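Just so it is clear, the model here is predicted, and its values are computed rather than measured.
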Amino acid sequence: MNQTVSFPGLGLEFHFNNVAFHIASKPIYWYGILIMLGVILAVVYASARSRQFGIRQDDLYDAVLFAVPLGIVCARIYYVIFEWEQYKDNLSEIFATWHGGLAIYGGIIGGIIVIVVLCRVKKIYVMDMLDLFASAVPIGQILGRWGNFFNCEAYGSSTTLPWRMVIGKTLEEAGATGNHPTFFYESAWNLIGFIILYFSSKKRKYHGEILLLYLGWYGLGRFFIEGLRTDSLYLWGTGIRVSQVVALICIIIGLGGFLLNRKMPFLQEINRADSDNKEETT
């Protein structure tokens, strides 16, 4: 589908097709390409830094092999659950992920479950692996949000700000009102978060610190950005945005845990238990 998106306050205008190319008759969407590119770059980054977190590359690849596909499945399930009215009469559309509809929180939950189980089975320190993944996940989110741009989705409410975006109109056709480019807000927020996590991981004071920082930082930004969006998922029969609830939980766990753990290193006990368990089975 041909799309036109303009930013009249910035004098920018874009014309593109959300389909990048075809393989036989199968369309390959920019949405999927950018998500997979983000995953690949995140894995490359995590692989390059795995030793700094005390994780063997082979163990990282094993985790990725299971966490990525299950994370995508969980991201879709999460979205479909809260958009069931859209899919209940057209069940085949549930599998059409190329049309959009992947909820990052579902992916994070699925990924964490896989990593915890895998680390327990392979006797790997859980918090070290989660720290490594948390340091790399923002890379996928930075690029993945631009998939929303190509799908012309995940934008915000009306605004007259200079960086407003107008969908379906050229610069000449656009008026003084557009929409918040919330996809860009989140991409930029994750870029800043990635930089913060990078430097924080260089002087990591305890296992689990980067995971907590990631949860707190992402939750903080998502809470406010979600309030601007027009396509939010809601708790059934209410006006409560699901992502804001989850973001608030992430803020409490992430930032609260980050500060608390400096005085009461409860996460160290988890890693000690992992260490004892590992020694017993060696």
Side-chain angles (χ1 to χ4, degrees), residues 35-36 38-79 102-144 190 193-194 197-198 200-201 204-219 222 246-247 249-250 252-255 257-258 261 265-282:
I35 287 177
M36 292 312 302
V39 170
I40 291 170
L41 292 179
V43 172
V44 170
Y45 173 79
S47 178
R49 298 204 59 203
S50 59
R51 289 187 179 181
Q52 298 173 33
F53 288 83
I55 299 296
R56 296 189 310 119
Q57 287 186 341
D58 286 348
D59 290 331
L60 168 66
Y61 298 146
D62 286 343
V64 168
L65 183 63
F66 292 99
V68 170
L70 185 60
I72 292 175
V73 170
C74 289
R76 185 60 170 177
I77 291 174
Y78 183 102
Y79 184 86
L102 296 176
I104 183 61
Y105 279 127
I108 292 172
I109 293 170
I112 289 177
I113 291 172
V114 169
I115 290 170
V116 170
V117 172
L118 180 71
C119 287
R120 290 298 183 184
V121 171
K122 299 193 70 173
K123 313 305 178 187
I124 302 167
Y125 298 153
V126 174
M127 289 302 166
D128 284 341
M129 183 69 84
L130 288 175
D131 274 350
L132 177 58
F133 265 75
S135 71
V137 165
I139 296 175
Q141 292 176 279
I142 291 166
L143 285 173
N190 280 297
F194 171 74
L197 293 176
Y198 172 78
S200 296
S201 65
R204 192 170 55 137
K205 293 181 172 60
Y206 56 86
H207 305 283
E209 178 180 17
I210 307 307
L211 172 65
L212 291 174
L213 273 176
Y214 166 75
L215 291 175
W217 177 263
Y218 180 64
R222 183 60 184 268
V246 179
I249 294 172
C250 287
I252 294 171
I253 294 175
L255 297 183
F258 173 75
N261 201 62
F266 59 91
L267 287 180
Q268 298 301 337
E269 299 303 321
I270 296 176
N271 282 277
R272 287 196 189 99
D274 285 344
S275 180
D276 293 342
N277 188 30
K278 186 175 183 179
E279 290 175 359
E280 290 175 1
T281 56
T282 299

Can you see which heavy atom on [X] is nearest to which on [Y], and at what distance?
X: Y78; Y: A103; result: CD2-CB, 3.2 Å
X: G257; Y: Y206; result: O-OH, 4.2 Å
X: H207; Y: R204; result: ND1-NH1, 3.8 Å
X: L215; Y: C250; result: O-CB, 3.4 Å
X: A136; Y: A46; result: CB-CB, 4.0 Å
X: D131; Y: L211; result: OD1-N, 2.9 Å

Please confirm whether the ring centroid of Y105 lies under 6.0 Å from the ring centroid of Y218. yes
Ignoring hydrogens and angles, tell me if any N or O in the side chain of N190 forms a donor-acceptor pair with the backbone of I142 under 3.5 Å. no
Between S201 and L197 (side chain of the first, backbone of the second, donor and acceptor by atom type, cut-off under 3.5 Å), is there such a pair? yes
Passes side-chain contact (heavy atoms from CB on, under 4.5 Å), F194 versus Q141? Steps please. CA-CA 10 Å; F194 171 74; Q141 292 176 279; over 6 Å; no
Inter-residue atom distance [X].[atom1] - [Y].[atom2], 0.5 Å rounding:
X: S200; Y: W217; atom1: OG; atom2: CH2; value: 10.5 Å
X: I108; Y: I113; atom1: CD1; atom2: CD1; value: 12.0 Å
X: M127; Y: M129; atom1: CE; atom2: CE; value: 13.0 Å
X: D58; Y: S50; atom1: CG; atom2: OG; value: 9.5 Å
X: L65; Y: L70; atom1: CG; atom2: CG; value: 11.5 Å
X: D128; Y: I55; atom1: CG; atom2: CD1; value: 5.0 Å

Please walk me through it: do Y198 and R49 pass side-chain contact (heavy atoms from CB on, under 4.5 Å)? CA-CA 10 Å; Y198 172 78; R49 298 204 59 203; 3.7 Å; yes
Salt-bridge test for R56 and D62: reply yes if a basic N is under 4.0 Å from a carboxylate O, no otherwise. no
pair F133-V114: side-chain heavy atoms closer than 4.5 Å: no
Just wondering, do S135 and L132 contact through their side chains at under 4.5 Å, heavy atoms? yes
Under the side-chain contact (heavy atoms from CB on, under 4.5 Å) rule, what do F66 and V117 come out as? Steps first, then yes or no, please. CA-CA 11 Å; F66 292 99; V117 172; over 6 Å; no
